[in-house]
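The next block holds one structure in the form of C-alpha cells; read it before the comments.
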Amino acid sequence: MSESSETAFGGRRAIPRNTSNAAENDPPTVELQGLVPRGFNPQDYLNVMNVHLFKERWDSNKVDHHTDKYSNNQLIVRRGQSFYVQIDFNRPYDPRRDFFRVEYVIVSNLVFLKVAQGLLRPCPHAFSFHSKTVDTRLSSLSQAAVPMPPALPHASRCHGRYPQENKGTYIPVPVVSELQSGKWGAKVVMKEDRSVRLSVQSSPDCIVGKFRMYVAVWTPYGVIRTTRNPETDTYILFNPWCEEDAVYLDNEKEREEYVLNDIGVIFYGDFNDIKSRSWSYGQFEEGILDTCLYVMDRANMDLSGRGNPIKVSRVGSAMINAKDDEGVIAGSWDNVYAYGVPPSAWTGSVDILLEYKSSQKPVRYGQCWVFAGVFNTFLRCLGIPARVVTNYFSAHDNDANLQLDIFLEEDGNVNSKLTKDSVWNYHCWNEAWMTRPDLPVGFGGWQVVDSTPQENSDGMYRCGPASVQAIKHGHVCFQFDAPFVFAEVNSDLVYITAKKDGTHVVETLDTTHIGKLIVTKEIGGDGIKDITDTYKFQEGQEEERLALETALMYGAKKARNTEGVLKSRSDVHMNFEVENAVLGRDLKVIITFRNNGSTRYTVAAYLSGNISFYTGVSKAEFKNETFNVTLEPLSFKREEVLIGAGEYMGQLLEQAFLHFFVTARVNETRDVLAKQKSIVLTVPKVIIKRAEKGPKVHVLTQVNQSKNTFCGEAPEHGGLGGWTPGFLILPGQLWVRGAQVVGSDMVVTVEFTNPLKETLRNAWIRLDGPGVTKPLRRMFREIRPNATVQWEELCRPWVSGPRKLIASLTSDSLRHVYGELNLQIQRRPSM
C-alpha cells in the first residue's frame with residue numbers, strides 16, 4: 001500500500017471501513033498456536049467432509065423462511081429464525097471430546113500472511129481463536145473472536161478490512177444445549193452415524209447480506225477450519241415474521257402483500273381521473289438480490305449498519321436516483337430521451353436493476369413512478385415491507401415553509417419568473433414498515449421514503465424515512481425530512497400580486513388543494529385504497545388545526561402572514577370545470593360565478609391554458625383569454641371558453657396534461673379569486689376477454705372511428721407534432737397458446753396495430769411477467785399507418801398461481817401504450 005493510501009484512514013481509524021459484501025478472500029484453514037509436535041497431522045482429528053444446507057425450493061429452510069420464491073440456488077433465510085444445517089464428519093461425533101462451531105463471515109479484503117514451513121497464520125488484523133490450555137478449550141470455542149491490535153513494523157503491517165465480532169461481520173456460532181431468544185446459537189437436533197444436524201438460530205438484529213459459512217474444529221494445537229465453499233454461502237434477510245425484528249409486521253395478509261407480492265399497481269393521472277398501471281417488482285427474479293446488495297456496496301455503506309432498516313432505507317433512497325452518487329436511475333423531465341429509454345416504456349424493475357449492475361452506470365431514464373417502483377423492489381427484496389403511494393396535488397415546496405407562492409401580474413396572468421414552487425398533479429413515493437427506536441414511542445410503523453431527487457437532505461438527494469404518524473400530528477422535528485413531506489401534503493396555495501412598484505400583496509389563499517387524495521394498492525387486489533387519513537386530519541377539524549400549529553411550533557414557518565386573507569370582502573365566488581376533455585376534440589372550459597349578496601358586482605376575469613408536465617411545470621401557454629362579467633344580486637352566470645383541438649395538439653407532452661388557471665378580480669372590492677386545475681385527455685380503452693374455447697386469451701380494442709376521435713386515424717386538427725398520447729392502453733392483441741402450467745411451454749403473442757395516419761419509427765415493444773418470462777423486448781424499425789405487427793415468444797413459467805403479463809410500446813412519436821393480461825399458472829401435476 002502506498003504511503004498516501006495508508007494515511008488516508010490512519011489518523012482517524014486503525015483500519016479502513018468495511019463497505020463491501022462482494023469480497024472473496026478466505027480466512028486460514030489452519031490456525032496453530034504454540035509449539036506443534038513434528039508428527040502433527042490435522043487428519044488425525046475430527047474433520048468436516050461435507051455440509052448440507054437444505055436449500056432447494058421445497059426444503060423447509062426456504063419454505064419456512066418464505067424465501068422459496070427467490071430464483072437463487074443459495075440458502076436464503078430470514079434473521080431471528082432457526083434453520084437447519086447438516087455436517088458430515090470423517091468419523092462419528094463425540095460431544096465429550098470433539099468441539100466445533102459454525103462461523104459466518106461478511107467481510108471484504110481479508111489479507112493473511114504466510115509464515116514458515118507453508119503453514120498459514122492469520123494476519124494480526126484478522127480474527128482468530130484464543131485458547132491457551134486444554135482446560136480452556138471449550139470456553140474458548142464460545143468466546144468472541146477478538147482482533148489483536150498489531151504491534152508490527154510498517155513493512156509487515158496488514159492493511160485490509162477484517163471481520164470483527166463487535167461489528168457483526170464475524171459471527172461465531174457456539175453449539176449450545178438450548179437456543180436462546182435473540183442470540184446466535186446452534187443446537188444439535190440429530191446425530192446419525194457420522195452426521196450431525198444442527199438447528200441454527202440467527203440474531204434478529206444481525207447484518208443483512210451474503211455471509212460465507214465455515215465450520216471450525218478445535219484441536220489441542222489450534223483450529224482446523226473448512227475451506228471456502230461458495231455453495232455454503234448464506235443470505236440473511238430482514239424478517240417481518242419475527243417479533244424481535246425491527247420490520248416485524250403482525251398481519252399475514254399484509255406480509256403477503258408488502259413483502260411477497262412481486263407484481264404491483266401504481267396509480268397516476270389526475271385527482272378527477274385516476275388511472276393505474278401494473279408494475280413488475282420482480283424482487284425474486286434471478287440476480288436481483290445480488291444487485292440490491294451491490295447497490296449498498298456502491299453507496300459505500302458500512303456493513304455494520306446493514307442490519308438497521310432506518311439506515312438501509314435512507315441509503316436506498318439516495319442510491320435509487322443518480323443525482324449525486326452514480327445511483328441506479330438517471331431522472332429526466334424534459335421530454336427528451338434520445339440517449340436512453342423513456343420512463344413510460346419500463347414495465348418493471350428487473351431490467352433496470354440488472355442493467356445497472358452489469359454496466360455499473362446509471363440507467364436512463366426515470367420519473368417518480370419509476371423511482372418508486374424500483375425502490376419498492378429494493379426494499380421488498382431485502383425483506384422490508386414496502387408499498388408505493390401516490391399523492392394527488394403534491395406540493396414541491398422549495399423551502400418547506402408550508403406555502404406555495406403563486407405570483408400574479410396585475411392583469412391576473414401568472415408570473416413564471418417569480419413563481420418557483422410547483423404543484424405536481426401526482427407524485428409517487430414509498431412507505432416502508434419499521435420500528436423507530438430513535439424516535440419517541442408511537443412513531444414507528446409506516447415511514448415515508450422517497451428516491452425521486454427533489455431536494456437535498458444532509459448533502460444528498462434523498463428523503464426519509466419520515467414517520468407517517470409524525471407527519472399527521474405535525475411533529476416535524478423528528479428525523480428524517482419530515483418538514484418536506486408535511487409540506488407535500490399540507491401546504492397552502494398563496495396567490496400574490498406582484499405590483500409594478502415592486503411590492504407584493506397577498507390576495508387569496510387555498511388551504512384544501514394540496515394533498516387532495518393519497519392512495520396505494522389494496523391488499524389482495526388491484527383496486528385503490530385511500531390512505532389520506534393516515535397523513536392528515538380532515539380539513540376543518542380541531543385536530544387538523546392543532547397539527548398545523550404543532551408543525552409551526554417545531555419550525556415549519558410560514559413565510560408570509562396570511563391571517564385574514566381567507567375571508568373574502570365580497571359575496572362573489574368562482575369555480576370552473578372542463579367538459580369534453582377527449583383527445584383530438586374541441587373542449588370547453590365553463591367558469592361559474594355566483595353572487596350571494598344583495599350588491600351588483602362587475603368582474604374582470606382571465607383564463608390561461610398551458611401544456612404542462614405532470615410535475616406542474618408549464619411548457620407552453622396555448623390559450624389566454626380575458627372577459628368581463630356582470631353579476632346581479634343573488635344570481636349566477638356561466639361563461640364558456642371554447643378551445644379547439646388544433647390549439648393544443650401540436651404541443652402536447654407524453655402524459656397529455658392540460659393545466660388551466662383562472663383568475664378574477666371583483667372591481668368593487670378589489671378581491672382576487674383564483675382557481676387552477678389539471679386534466680388528462682381521455683383516450684380509448686381496452687377490454688381484455690378470455691376466449692371461450694381453448695387457452696387463447698384476446699385483448700379486444702374498442703375503437704371509435706368517428707373523425708374527431710383519436711384512435712384509428714389522426715385528428716383532423718393537425719399532426720401529432722411530436723406529441724405522445726398519455727396512458728393509452730395497448731391497442732392490439734395479447735394472447736397465449738399452450739398449457740398454463742409450471743414447466744410447460746407456452747407461446748405468448750403480442751400484436752399491435754398502428755392507429756395513426758403517420759408511420760411509427762423506432763418502435764420498441766417490451767414484455768414482462770415475473771415467474772412467467774424474463775423481461776424481453778423487440779424493436780420494429782417502422783410501423784406504417786393501420787399496419788399490424790406480431791411478436792411471438794416461447795415462455796416456460798416457473799411460478800404457479802396468479803401471474804400477469806405486462807406489455808408496453810414506445811416510439812419516436814407514440815408513448816405510454818400499455819397492455820396486460822392476467823394468467824393462472826397451474827402447478828405441475830405430480831407423477
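All figures in this text were calculated on a predicted structure; none of them were measured in a lab. Numbering starts at 1 and runs along the sequence shown.
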Atom pair [atom1] ([X]) and [atom2] ([Y]), whose distance is rounded to the nearest 0.5 Å:
X: Ile171; Y: Ser202; atom1: CD1; atom2: OG; value: 8.0 Å
X: Lys210; Y: Asn21; atom1: NZ; atom2: CG; value: 8.0 Å
X: Leu75; Y: Glu56; atom1: CG; atom2: CD; value: 11.0 Å

Are [X] and [Y] close enough that their ring centers fall under 6.0 Å?
X: Phe238; Y: Trp433; result: no
X: Tyr93; Y: Phe100; result: yes
X: Phe478; Y: Phe443; result: yes
X: Phe54; Y: Tyr84; result: no
X: Tyr248; Y: Trp241; result: no

Less than 4.0 Å between a side-chain N and a carboxylate O, is that true for [Y] and [X]?
X: Glu252; Y: Arg255; value: yes
X: Glu355; Y: Lys361; value: no
X: Glu103; Y: Arg212; value: no
X: Lys311; Y: Asp302; value: no
X: Asp59; Y: Lys62; value: no
X: Arg462; Y: Asp325; value: no
X: Asp193; Y: Arg91; value: no

Handout entry: Pair Ser467-Leu439, side-chain contact (heavy atoms from CB on, under 4.5 Å): steps then yes or no
Key = CA-CA 9 Å; Ser467 168; Leu439 303 183; 4.2 Å; yes
Handout entry: Non-neighbouring partners of Lys187 that pass salt bridge (charged side-chain N to carboxylate O under 4.0 Å, His left out), sequence neighbours left out
Key =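 Counting only residues at least two positions away or on another chain, Lys187 forms a salt bridge (charged side-chain N to carboxylate O under 4.0 Å, His left out) with Glu178.
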Handout entry: Residues forming a salt bridge (charged side-chain N to carboxylate O under 4.0 Å, His left out) with Asp351, sequence neighbours excluded
Key =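 Checked Asp351 against salt bridge (charged side-chain N to carboxylate O under 4.0 Å, His left out); matches are Arg766.
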Handout entry: Considering all heavy atoms, the nearest Gly282-Pro770 contact
Key =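 Gly282 and Pro770 have their closest heavy atoms at CA-CB, 4.4 Å.
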Exercise for the section: Quick one: which residue pairs count as a salt bridge (charged side-chain N to carboxylate O under 4.0 Å, His left out) with a foot in residues 68-81, not counting sequence neighbours? Expected result: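 Those involving residues 68-81 are Arg79-Asp245.
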Problem - Evaluation steps, side-chain contact (heavy atoms from CB on, under 4.5 Å), between Ile76 and Leu237 - result: CA-CA 7 Å; Ile76 306 173; Leu237 308 180; 3.6 Å; yes
